[in-house]
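All remarks here apply to the structure that follows.
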Amino acid sequence: MARHLQHYEHTNTTYQRPNQHWSCGHECEGFCCALGPDAAGRCRAGYITEGACTPAESTQGEWICTRNEVLGGPCGHGPRDDGSCCYARVSGECIPIKGEYNKFTRRTTNLDRWFCTRDPDRGGPCEDGPLPDGSCCRQVSACRPTASLRNKRGQVTMVVVALTMVTILFFFYREPQELSHPLNPGPITATHSTEKITCADCHSNPSVMPFALAGFRHETAFEDGRLCLKCHEEIGTSGDLAAFSPHTLPPDYLDRLSLKAGATASGDSASVLLALSAVLSRKQESVACSTCHQEHRGKHVNLKYLSNAQCQVCHTSQFRGFTSGHPEFTAWPYRRKTRIFFDHATHFNEYFRNAEVKQFAKHACTDCHLEDSKGGKMLTRRFEQSCIACHESDTRFGQWEILAFPKVDTRHLKDHLSEELHGRLAGWKSTTTREISPLIKMLMSDTEDDIGPQASLEQLDAAGRGVKLSRLRKATDEQKVAAAVVAAAVLNRIYTPDGDELKNRLLNSAWLNEAEPAHRERLGENLVDIFLQLMQQVDTGGTLEGSGEPGVEPDPVSSTTDFGGVFSYQPSTGALSYKPGGHADPFLKAVLEVTAARFGKVKYADHLFGDVADHLQGFDSTAAGKCLKCHTLSDNHDETFTINWLAAAPDPWQRQITDFKHRSHTRLPELFRSDAVFSNEACASCHQLGQTGKHIEEHRRFYSGKDHSPHLFQSGFRSLDLQECASCHTSFKAGDSCLLCHNYHATRSVLEPVLYALRVKYATGLLADSGSDKPATDPFPGGQEPILPDDDGESLIPDDTKEDDGESLIPDDDKKDDGESLIPEPGP
Amino acid sequence: MKPFHRRRLVNCTVLLVSVGLLLVICRALETALRPAAIYTGLLLLLVLICLTLFNARKKLPFLPLLKASTWLQVHIYVGLFSVVLFLLHTGFRIPNGVLEIILAAVFVIVSLSGIIGIFLSRWLPPLITNSGESIIYEQIPAFRHQIQKKAEELVMKSERELESSSLTEFYVDVLRPYFRRKFSVFLIIGGARKHQRRVESQMKNLRRYLADIELPVLNQMRELVDTKRNLDYQYSAQRALKLWLFIHIPFTYSLLLLAVAHGLLALNFAGRF
């Protein structure tokens, strides 16, 4: 036995090549035939080779050679008797050939003789040689060729590829329409997976054949996004490109925010990864929905999740995290003047310590504040719940003289008036010392007919302090003429006998003609009617002119009306006055609202406003009702003002970019050792009172200095310390995700109010069914109990039709306020 | 340091650096809210095509396209890179869609078979060398038949010349089944030695019953048994080196087809690039 089995010399080996597809079936027996299987895997033992031609049978029944002329034409032998070509022969250990090839001379000789071609490694040419017909004399037994591994692998590959193709064709055969289609890349979130949802509901190009490669088109994402907006109307309408603007905010507003953020940046550098991401980010003015919200990742995936770095990648000012580099809090205390002025520091440090009012003092923050329905913002309670104990008298203070016949120096006008007119003016037993009232001035300057009196008024106003309607001693003749014109106009156009002229002038005045119908009714028709009624009580003659007997001073008459206050008429002065009936007096509210809305647009409206509000004379005014002591003005920047009757009542379903949830924080027992939901201790941990003086001084300046900038305001609270929040809001404790406090879409939620209402309905239903005070199961996880409708009938679902509180859908620092009231607070 | 080790060190370093860069870029793309899955998917498809070209390169040996060993190294390390790329593409999650699950499963099959192939091609060759004479796989059946025939001749001769049937009976009972037996690829896990030891143990027991004149024949038989053991091991090991390709190659083509379908579908529906 040789030690080595394997030989590598080609003459001593029957090496089967691995790239051959078929092997001889005798291989396992140790000997393979020299021919081996053919390409189709058939054994070539006893193989009959093809001849040089296909013999044809003649009409005489003989076989004729048909060899091609190219190959030499018909051979000399002719076909065999059985009709086969004479060149066809049976193989054995070799396939004999005709002729002998000399490799040295490279010539073939003996072309008519068959030669053996057996391989030298198999013994070389045999001694017997081929048979006469050219067949091999040494036949081999047939075998069953076996496929090589390579061949088998190829077959397996073909099968797998075929199965794959079938699978793909099966998947793509049917257009994907519903979620059960096998091409669905995964379940969509439970919120989106409605029963009848189809691919076309979310994809603008739901077809797979032919492949549109829509992904390469930048517009595709926005076309898909418009389909999102069909349901998410709170983001925008489907044709509204502004819906895709970053933060759903107007670009110019966003630019302002960016500038502000840059100004308050901490200067801490962002991480390298964030910097690289910023480079890779697509700088675009519009952001498609799918940029942040990626579906088909499972039913319970949070589509709204974004990492802190993802939130920052578009921002111009980037930082490492909340505890490192986050801009300091500047949004609170608010730098904008609050709608309701209230000096916390003065009240708590001075007033509430005063023995006289100590009994009315508020001790708990919740005495004046309550949370909104979401537990997010803190609102301000209404006047009747929080302020009335001490401030009721302020609401009934003083009275406003609406109309009064001015004092006219008739003695110096004798030469400038007709006798009849002079007589009528002299007939007024006027004891008033007032000049012509602003309302009369305004009514006399309203029409083209008033050009004369208007010019005369202006002339008198320009005359200086020494010359007035009531004091004409130093007046020139021209000024006396002007005074006579004014006095005659007051008598003929305002104090007319039947009051029609006054009513017409009121209703058609620029002051009232654009006012709300209710205000027009109150300040036009009702006012004149009351005036006439009071006059009738004094003068049964029914005229407005004074007709009392000389030397007899008639008593004033008064009338209590639906307005709540009291109108009174003083016959001796022709003065109609009004004394407010308390907080939110509708008449004064109407006068102030209408006048503020015409402040700089209607001549003498500013005088009228000052007359009723007395604001131009200082903060500590003696004006009727002292409305503007607490209710601040908002400059509309068009020479008009809006009076803030209500404390800020942000829409609880309006998503601001920054959102703080008071309830979540005040319920942390480890932070605030109190069982109360909103304990003073809890509130004071963030809201610390500051200095008093500057706060109130700014408010004084606002009213006295005519500086109506909303930023002329100094809060009575100290700034919030970011580190106070950062002590808990780390990644390992309370979390430091941007999404805890910030929203991307500054829009109004549509779904949340509906869900909230359903929860309230469910909770109240449980209460009714069980007959207990508490629901059987807690429908509000986390202990969030609903704020049920209050006595004032305020709906839990904010109603857009309610009086606008001035809170814009667009979060604006200029518009942010003191987080006040959902409960409407009446006017003065 | 041996060149082989140096090459491995360099290749591993390049792979790690590439993977690190890939991780950073993917993370940055995700942070930048760019469709990282689209980019990684396209890159993965490109990588798969490059990996498949290795097979084409083997079929075109005449082309001057670097050495096959260089291609193999690139194939191995790019293949490992593609595994990381795949994990990043799927977000380290099991896909949810039917097509995606099939695609992921096929990728896992191809990757695992490739890794098994690397392991076998590194583990078995030294064992084959140490096992004994290296035999060309395609000739092993012939040699096996040859050994069996040799053993039969030896037994016939000893019976004829020594007039003893002990060896013949032993051959019929023990050795002939052993020589005829074909073992599976699992013989590579220590099976060959076990069978050989069992047969040799029986031969040792037989030795005490044989005459001295029969012992040389028994020794020759023992040599044939050892040769058969080597042939069996060579056969199993070399077969294992070839069989893993039965999974790796067919599923590679399947993977390419599925990946192209998935890519077209994703680009069509993703809506952004």
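Computed from a predicted model, the values in this text were never measured in an experiment. Numbers restart at 1 for each chain; the letters A, B, ... are given by sequence-line order, proteins then strands. Computed from heavy atoms alone, side chains included, the values below leave out hydrogens, waters and symmetry copies.
The minimum heavy-atom distance between A/Gly298 and B/Asn96, with the atom names listed, is N-ND2, 3.8 Å. Nearest heavy atom pair, residue A/Cys292 against residue B/Leu33, reads SG-CD1, 4.0 Å. A/Phe171 and B/Val98 make their closest contact through CZ-CG1, 3.7 Å (heavy atoms, listed as atom of the first residue, atom of the second, distance). Nearest heavy atoms, A/Gln310 versus B/Glu30: NE2-O, 2.8 Å. Of all non-hydrogen atoms in B/Pro250 and A/Arg153, the two that sit nearest each other are CG-O, 4.5 Å. Closest of all the heavy-atom pairs between A/Leu149 and B/Phe246 is O-CZ, 3.3 Å.
Enclosure of atom CZ in B/Arg93 by more than 12 non-hydrogen atoms of other residues, nucleotides or ligands within 6.0 angstrom is indicated. Counting heavy-atom neighbours within 6.0 Å of B/Phe92 CZ, excluding the residue itself, gives a total above 12. More than 12 heavy atoms of other residues, nucleotides or ligands shown are found within 6.0 angstrom of NZ on B/Lys58. Counting heavy atoms of neighbouring residues, nucleotides and ligands inside a 6.0 Å radius, atom CD1 of B/Ile94 does not exceed 12 of them.
Contact annotation for B/Phe143: only side-chain heavy atoms (C-beta onward) come within less than 4.5 Å of a heavy atom of chain A. Only the backbone of A/His296 comes within contact range of chain B, with heavy atoms under 4.5 Å apart. Only the side chain of A/Thr167 comes within less than 4.5 Å of a heavy atom in chain B; its backbone stays farther off. For B/Leu245, the parts lying near chain A are the backbone and the side chain together; criterion is any non-hydrogen pair under 4.5 Å. In this structure, the portion of A/Ile168 lying under 4.5 Å from any heavy atom of chain B is its side chain and not its backbone. Of the two parts of B/Leu255, neither the backbone nor the side chain holds a non-hydrogen atom closer than 4.5 Å to a non-hydrogen atom of chain A. If you measure heavy-atom distances from B/Arg27 to chain A, the contacts under 4.5 Å come from both the backbone and the side chain. No part of A/Leu163 comes within reach of chain B, as not one of its non-hydrogen atoms sits under 4.5 angstrom from that chain. Of the atoms belonging to A/Asp224, it is side-chain heavy atoms, and not backbone ones, that fall under 4.5 Å from chain B.
Rounded to the nearest 0.5 angstrom, B/Leu23 CG and A/Leu273 CG are separated by 11.0 Å. Rounding to the nearest 0.5 Å gives a distance of 11.0 Å between CZ of B/Phe269 and SG of A/Cys202. Note that OG1 of A/Thr157 and OH of B/Tyr253 are 7.0 Å apart. Values are rounded to the nearest 0.5 Å.
Interface summary for chain A: among B/Thr31, B/Leu99, B/Ile25, B/Ile102, the most heavy-atom pairs under 4.5 angstrom belong to B/Thr31.
Of the possible polar contacts, one joining the A/Ser277 side chain to the B/Ala28 backbone as a donor-acceptor pair under 3.5 Å is found.
Residues A/Thr164 and B/Phe251 are not in side-chain contact: their nearest non-hydrogen atoms beyond the backbone lie 4.5 Å or more apart.
Of the options B/Leu257, B/Thr252, B/Leu256, a side chain to side chain contact (heavy atoms under 4.5 Å, CB included) to A/Val161 is made by B/Leu257 and by none of the others.
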